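These notes concern the structure reproduced below.
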Amino acid sequence: SPVCRRGRRIRPKMLVDSHCHLDYLERDGDLEAAVQRAHSVGIGTMVTICTKVSEFPTVSAIAERYEDVWCTVGIPPHDAANEPEVSTEQLIDLAQHPKVIGIGETGLDYYYENSPRKDQRRSFRAHITAARETGLPLIVHTRDADQDTIEVLTEEYENGAYPGLIHCFSTSPEVADKSIELGFYISVAGILTFKKATELQETVTRLPMDRLLVETDSPYLAPIPKRGKRNEPSYVTYTAEKMAELKGLSEKDIAEATTDNFFRLFTRARRPKSE
């Protein structure tokens, strides 16, 4: 079978790592090898996420280097107070880059409190406006901020619809349900494979298959059986395998569905030529 169990290969160009940080791998001097390893197990598309607008040139340069790598522009909540205040207009301007397919990551994180909540909310709303005006999907990071995240997303949606997804979903079922109600997608990472992630597994089991994506969030959150190691795009296969198990579907079904979902949401991205 071209789609196999752990340690074997998935058919070329089948999966998408919808959220990774390839600039971190470049700093390690391992970018080229990591991209090749991803290709060897059937990862056809990767999205390298911008975490500081000041580092957008580095992120976009990586996307320019590889035909099947795309990027985003944004500031996560951790850096909302540290980056020079970025306007909606600046985000929109940077999003004109042909390799940019999304706005973010952005959102609210009350776990670390690395930036004051008011700065996080201001930045979050600026990103939402940029997503609404460009039509590019909003990539939302939320941690320990369920009610405020739902409140901001809902309030802003009432001002005008915008596409988006909750990335590295690991929060309450309520956030998932409200996000789906707003037309968002849900992306899951290696946490899905963790033994104690029972609530997340139960939520993913019941969520509609046409709204799910997979990601690594590498270099963080390596899945079982790689937990404790540096994560990389090739490991998204383990998350896809776990999703297949939970959904009672084949890994081929999961690869096709999550890939179709990705390109339905990220309309500026192009499918790999060999797919």
Side-chain angles (χ1 to χ4, degrees), residues 1-6 8-20 22 37-49 68-72 101-102 104-105 136-140 163-170 176 179-180 183-194 197 200-218 221-224 226 231-275:
S1 169
V3 180
C4 307
R5 301 298 293 174
R6 281 183 185 150
R8 302 178 194 170
R9 296 194 173 187
I10 290 179
R11 190 169 68 194
K13 305 297 185 185
M14 282 291 290
L15 277 168
V16 176
D17 182 357
S18 65
H19 192 113
C20 57
L22 295 182
R37 286 191 293 271
H39 289 161
S40 75
V41 295
I43 313 305
T45 302
M46 290 159 267
V47 184
T48 186
I49 304 295
D68 54 3
V69 174
W70 304 88
C71 68
T72 67
I101 62 170
E105 60 184 281
L136 297 177
L138 182 77
I139 299 159
V140 178
L165 85 161
I166 308 297
H167 111 85
C168 194
F169 177 76
S170 59
S179 299
I180 295 289
F184 274 39
Y185 289 69
I186 303 290
S187 181
V188 293
I191 297 171
L192 188 68
T193 69
F194 296 177
L200 172 60
Q201 292 165 1
E202 290 168 2
T203 300
V204 168
T205 298
R206 67 173 179 78
L207 287 177
M209 192 62 239
D210 64 356
R211 295 292 188 87
L212 291 171
L213 280 68
V214 288
E215 64 171 90
T216 58
D217 200 15
S218 55
L221 300 171
I224 291 173
K226 303 292 186 179
N231 202 0
E232 62 176 66
S234 63
Y235 296 167
V236 79
T237 55
Y238 297 107
T239 300
E241 180 183 90
K242 184 64 178 182
M243 185 181 289
E245 175 190 317
L246 293 170
K247 290 291 197 181
L249 297 171
S250 70
E251 291 171 51
K252 179 176 182 293
D253 290 337
I254 293 298
E256 290 179 347
T258 55
T259 296
D260 286 347
N261 295 345
F262 173 84
F263 287 104
R264 190 184 312 117
L265 176 62
F266 290 96
T267 56
R268 193 183 280 185
R270 296 186 304 273
R271 289 179 181 263
K273 290 180 180 178
S274 62
E275 187 169 278

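Owing to the predicted nature of the structure, the values given are computational and were not obtained by experimental measurement.
To the nearest 0.5 angstrom, Ile43 atom CD1 is 10.5 Å from Met14 atom CE. Atom CE of residue Met46 and atom OG1 of residue Thr216 lie 9.5 Å apart, to the nearest 0.5 angstrom. With rounding to the nearest 0.5 Å, the separation of CG in Asn231 from CG in Leu221 is 7.0 Å. The line from OG1 of Thr258 to CZ of Phe263 is 10.5 Å long, rounded to the nearest 0.5 Å. Distance NZ/Lys242 to CG/Leu192: 7.0 Å, rounded to 0.5 Å. Separating the OG1 atom in Thr237 from the CD atom in Glu251 is a distance of 8.0 Å, to the nearest 0.5 Å.
Minimum heavy-atom separation, Ser179 to Ile186: CB-CD1, 4.0 Å. The two residues Pro163 and Phe184 come nearest to each other via the heavy atoms C-CE1, 4.3 Å. In terms of heavy atoms, Cys168 sits closest to Ile191 at SG-CD1, 4.1 Å. Minimum heavy-atom separation, Gly104 to Ile49: O-CG2, 4.0 Å. The heavy-atom pair separating Trp70 from Arg270 by the smallest distance is CZ2-N, 3.2 Å. Closest of all the heavy-atom pairs between Gly102 and Phe266 is CA-CE2, 4.3 Å.
The backbone N or O of Phe194 lies less than 3.5 Å from a partner atom in the side chain of Gln201, making a donor-acceptor pair. Formation of a donor-acceptor pair under 3.5 Å by the Ser218 side chain with backbone atoms of Cys20 is not found in this model. A donor-acceptor pair is defined here as one N or O able to donate and one able to accept, closer than 3.5 Å; such a pair exists between the side chain of Ser18 and the backbone of Val214. Between the side chain of Thr193 and the main chain of Ile224, a donor-acceptor pair closer than 3.5 Å is present. For the pair Arg264 (side chain) and Asp210 (backbone), a donor-acceptor distance under 3.5 Å is present. A donor-acceptor contact shorter than 3.5 Å links the side chain of Asn261 to the backbone of Met209. Without hydrogens or angle criteria, Thr45 side chain to Val16 main chain gives no donor-acceptor distance under 3.5 Å.
Ion pairing between a basic and an acidic side chain is recognised when a charged N comes within 4.0 Å of a carboxylate O; Lys252 and Glu256 show such pairing.
Partners of Arg268 under the side-chain hydrogen bond (donor to acceptor under 3.5 Å, both in side chains) rule, at least two apart in sequence or in another chain, do not exist in this structure. Partners of Ser170 according to the side-chain hydrogen bond (donor to acceptor under 3.5 Å, both in side chains) rule, which considers only residues two or more places apart in sequence or in another chain, do not exist here.
In this structure, the side chains of Val188 and Thr239 come closer than 4.5 Å at one or more pairs of heavy atoms. Between Leu22 and Cys71 there is no side-chain heavy-atom pair separated by less than 4.5 Å. No side-chain heavy atom of Lys247 sits under 4.5 Å from any side-chain heavy atom of Asp253. Using a 4.5 Å cut-off on side-chain heavy atoms (C-beta onward), Asp260 and Arg271 make contact.
Checking Asp217, Val47, Leu165, Val140 one by one against Ser187, the side chain to side chain contact (heavy atoms under 4.5 Å, CB included) holds for a single residue, Leu165.
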